[in-house]
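Just so we're on the same page: letters track the sequence lines, and every chain starts at 1.
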Amino acid sequence: MKWSKALIPTLKEKPKNVENVSHSLSIRAGLVRPLVSGVYSYLPFGWKVLSNIINIIKEEMNKIGGQELFLPALTPSEFWKETGRWDEYGKEMFKLKDRKNRDMCLAPTHEEVITEIARKEITSYKDLPQIWYQIQTKFRDEIRPRGGLFRLRQFIMKDSYSFDTDDEMFKSNYALHREAYSNIFKRCGLDFIIVKASSGLMGGSLSEEFMTFSEDGEDTVVVCEKCGYKANHEVAVSRNNGVNFSDEPLEKIHTPIEGSIEKVSGFLKVPKTKLMKSLLYLIDEEPIFLLLDGEHELSDEKLGNLGNARAATPDEIKTIVGASSGYISPIGLKTKIRTFADTALGSKKGLITGANEDMYHFKGVNIERDLKVDKYVDLKLVNDGDKCESCGASLNIKHSIEIGHIFNLGVKYSTLMKAFFLDNTGEKKPIVMGSYGTSPERIMMSVIETHQDKDGIIWPSEIAPYKVLVIPLNIEKPEVKNTAETIWSALREKTEVLMDDRDESVGVKFKDASLIGIPLQIIVGERSLKNGNVEIKSRDGAISKNVKKEEVVEEALKLMNSEFIN
RNA sequence: CGGGGGGUGGCGCAGCUUGGUAGCGCGCUUGGUUCGGGACCAAGAGGCCACGGGUUCGAAUCCCGUCUCCCCGACCA
């Protein structure tokens, strides 16, 4: 392709309303253009990258025996109603009516549709296992699209589904996907880790997320550099901080300040760990006290695991406990309220917590002596620097981007939608399912996030829109032009090559070359041509040398296949 | 949905406080000079100042409403 004939609309300035690097670069390099919030057009240059990513995905999925299919995006409500997600998904689902007034939606995911196929077509254990996948557009009316292309309302998803007779068989399909995903991300040039995940709306237990690190990522993960422990922040665990205070008698003290952990620890001049956070929640409409170490926040995910939970309102707290939030605790209450304590609280002594009277706290609280804990559960959101549960080293919290998610659906959908098969004893059983998702846009944006410098993108060669960029510096000099043409023609038979044949000044060409990030550049200019040379260099700066113009094609092909670029 | 910030030639911005001929940089067109890191000169084209109402002799500017985009929180590939 010649640049003069191509649509590669580069931008000199950072577009407005753009925050993170990948968003800015994807627009500046002419890959994408916004249409409405959370919806983007993919221009030819960007689509080439996405197509390369999609091809890698297909290759790796086919390798594990995945069969590609293509399901409709427009789906009737009835299947969603069978599983209850018509309501569960709520406003996030793009719902519409057809001309007969029938409820339809633009599918946000495809468990229902795929299960509908499975229940009709799979009848015997002899039909199992199966892996079906598709690469298709998903629609989710996100509460807030964000981060450029990180959270979209319309996006491409590769989703696959596995069908097995039992958990044992499922495990091997799961492992195959884990392997395939690892290969996909590796080939795209991404560094990633696999963490324990939260399952969200999908349900199911075994669940892992593939994460890349980026300051602009909307997720956080907890990692232990020492033993390799890693988990999504929401579900990560850490040890008791090991801080102990001496035992004292229980005593009510006057604390004439706002009852926050911050204020109380400041007022009493004690560390936050000496405070015990007492929170009143309604779990399945039963009031329950949740106790946490003063320096930790409650994890929403872990809270959700307890049941249908919500924080008690100030009025409810007043009615149930008789004091305001900030001055409450399960100690000395007339009415019994069940109490769950975070595991890290253990049997601590000498703590401070609310005295169930405004402006008063208890000091000297001894958990074993002064209150009855009904259940110890893991409730806390891990803090940076907490001690690793398994090895005791300090944990780090890092921003990350979720690029893939694999999980066990168990028999949730097969049971709800009656997708049964007969096993070898003639017994009717629900199909064991797994669901696996990744998104080409996310991959592309993650790659940009992690493969760029101040001048622009540096594409890993496998997904680069072109592998080589030929830059004739002054297109009006016949020798420069002809040499570039010769190189370009020879190269285009072997690989994808772009030639910047625009009549632009060198500065513009070099700046654009850096911006669009083609991994290999062949620079044809009068200066080196005097010695019969052209320059070949890699965008990442690793290679820059002069070679005979007759040998540059061969050299380029050699470099392309070497390890030098990611 | 709550909170915050925007919408002015294609792009990035100024102008708005204190109403009075719509401006700058980039890009674009034409001609010329340049050509190893966003060149220079000259001449041009291009704007219902998001939209709808008001106030006023007069509104990009003041007031009311609407739409829309971005950021922070509940969601997830």
Side-chain angles (χ1 to χ4, degrees), chain A residues 9-20 23-24 27-28 30 33-39 57 88-93 108-110 135-160 181 197-202 207 209-212 216-219 232 234 300-301 304 310-311 401-407 435-446 455-456 471-477 480 502-515 521 523-530 534-535 537 544 546:
Chain A
T10 57
L11 262 38
K12 197 181 285 188
E13 286 170 291
K14 185 183 114 175
K16 81 171 150 187
N17 283 339
V18 158
E19 299 300 316
N20 58 43
H23 193 197
S24 173
I27 293 174
R28 290 223 293 133
R33 287 292 182 266
L35 188 64
V36 281
S37 179
V39 180
I57 293 173
E88 264 178 57
Y89 246 106
K91 287 191 171 173
E92 208 165 307
M93 199 181 243
T109 175
H110 278 87
I135 290 165
Q136 203 238 27
T137 304
K138 297 281 191 279
F139 299 88
R140 294 182 186 175
D141 199 356
E142 291 287 345
I143 301 167
R144 182 159 84 83
R146 73 174 82 190
L149 305 221
F150 281 130
R151 167 142 262 97
L152 294 165
R153 296 197 297 167
Q154 171 177 333
F155 64 98
I156 305 167
M157 185 197 263
K158 179 251 107 184
D159 46 329
S160 52
Y181 271 41
S198 54
S199 302
L201 255 183
M202 299 299 176
S207 168
E209 291 163 336
F210 291 74
M211 296 284 199
T212 55
D216 292 320
E218 58 174 337
D219 280 290
N232 186 301
E234 278 291 333
D300 289 338
E301 181 79 18
R310 66 174 177 89
I401 300 162
E402 183 187 346
I403 48 173
H405 196 165
I406 56 179
F407 45 99
S435 165
Y436 316 84
T438 184
S439 147
E441 288 103 327
R442 276 266 175 100
I443 295 175
M444 179 170 84
M445 299 311 278
S446 301
D455 296 318
I471 312 174
L473 292 180
N474 184 350
I475 201 78
E476 284 180 356
K477 302 284 178 199
V480 171
R502 297 173 303 169
D503 187 11
E504 291 286 354
S505 71
V506 282
V508 171
K509 292 191 175 192
F510 280 134
K511 287 288 182 185
D512 269 348
S514 300
L515 178 60
Q521 301 173 357
I523 299 157
V524 184
E526 282 182 290
R527 202 171 69 188
S528 35
L529 225 40
K530 277 184 194 139
V534 294
E535 187 185 347
K537 70 192 242 189
S544 174
N546 288 310

Per nearest nucleotide of RNA chain B, the residue lying toward the 5' end, A:Arg151 or A:Glu535, is A:Glu535

Base, sugar-phosphate alone, or nothing: which one does A:Gly90 contact when heavy atoms must sit under 4.0 Å apart?
nothing

When rounded to whole Å, the CG to P distance for the pair A:Asn232 and B:rA77 reads 11 Å

Integer-rounded Å distance: B:rC35 C1' and A:Leu529 CG:
15 Å

Under-3.5 Å donor-acceptor pair between A:Glu142 side chain and B:rC76 base:
no

Measure the distance from CG on A:Asn474 to P on B:rU33 and round it to the nearest whole Å.
13 Å

Does A:Arg146 put a side-chain nitrogen or oxygen below 4.0 Å from OP1 or OP2 of B:rG73?
yes

Look at the side chain of A:Lys537 against the base of B:rG36 and say whether a donor-acceptor pair falls under 3.5 Å; ignore hydrogens and angles.
no

Using modelled atom types and a 3.5 Å cut-off, is there a donor and acceptor pairing between side-chain atoms of A:Lys509 and backbone atoms of A:Pro472?
yes

Any-strand Watson-Crick or G-U partner of B:rA42, both distances under 3.5 Å:
B:rU30

Closest to side chain of A:Glu402, choosing from B:rC76, B:rA74, B:rC75
B:rC76

Hey, does A:Val18 reach any base, or is it just sugar-phosphate, or nothing, if we go heavy atoms under 4.0 Å?
nothing

Distance criterion of 3.5 Å, no angle test: do you see the side chain of A:Ser514 paired donor-to-acceptor with the base of B:rG37?
yes

Under 3.5 Å, is there an N or O donor on one side and an acceptor on the other linking the side chain of A:Glu504 and the base of B:rG38?
no

Short side-chain N/O contact to B:rA77 OP1/OP2 from A:Ser439, under 4.0 Å
no

Would you indicate, yes or no, if B:rU34 has its OP1 or OP2 atom less than 4.0 angstrom from a side-chain nitrogen or oxygen of A:Lys477?
no

Look at the side chain of A:Asn17 against the base of B:rC71 and say whether a donor-acceptor pair falls under 3.5 Å; ignore hydrogens and angles.
no

Quick one: label A:Pro9 by what it contacts on the DNA or RNA (base, sugar-phosphate, nothing), any heavy atom closer than 4.0 Å.
nothing

Value in whole Å for how far the C1' atom of B:rC75 lies from CD of A:Glu92:
5 Å

